[in-house]
Amino acid sequence: VTLERGQSGGGVVLRVSNPIPRSGAVEFEAGRGLIGMRERVEAVGGSLETSLAAGRFALVITIPAGEIPAGEE
């Protein structure tokens with residue numbers, strides 16, 4: 001797994017990627033995984049993108065940085 005952290009436009013950007021198994025057969029169990037992550041990221045005004053490229057699965061999360069408005073702590 002590769003984890004990269006950066007900043008962009010006043011926000012924090014996290015990029016996580018890992019190799020896809022060579023067999024090409026990827027099994028996913030039903031659950032709240034990506035949907036749950038997306039809901040949580042969007043709840044704080046961020047975004048979550050996924051992609052498959054060059055034999056890797058990547059997840060890019062952008063979260064705004066700054067002060068939390070009063071009452072939303």
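These numbers were taken from a predicted model, which means no experiment stands behind them.
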Open item on the list: Ignoring hydrogens, what is the shortest heavy-atom contact between Thr62 and Val41? Give both atom names and the distance.
Closed with: O-CG1, 4.0 Å
Open item on the list: For residues Met37 and Leu52: do they belong to one hydrophobic cluster (side chain heavy atoms under 4.5 Å, members Ile, Leu, Val, Met, Phe, Trp, Tyr)?
Closed with: yes
Open item on the list: Looking at every non-hydrogen atom in both residues, tell me the closest pair between Ile20 and Phe57 and how far apart they are.
Closed with: CG1-N, 3.7 Å
Task: Side chain Arg38, main chain Leu48, donor-acceptor under 3.5 Å - done: yes
Task: Contacts of type side-chain hydrogen bond (donor to acceptor under 3.5 Å, both in side chains), residue Arg56, not counting sequence neighbours - done: Thr2, Ser17
Task: Common cluster, Val13/Leu3, ILVMFWY with side-chain heavy-atom separation under 4.5 Å - done: no
Task: Close side-chain approach of Leu34 to Leu59, heavy-atom, < 4.5 Å - done: yes
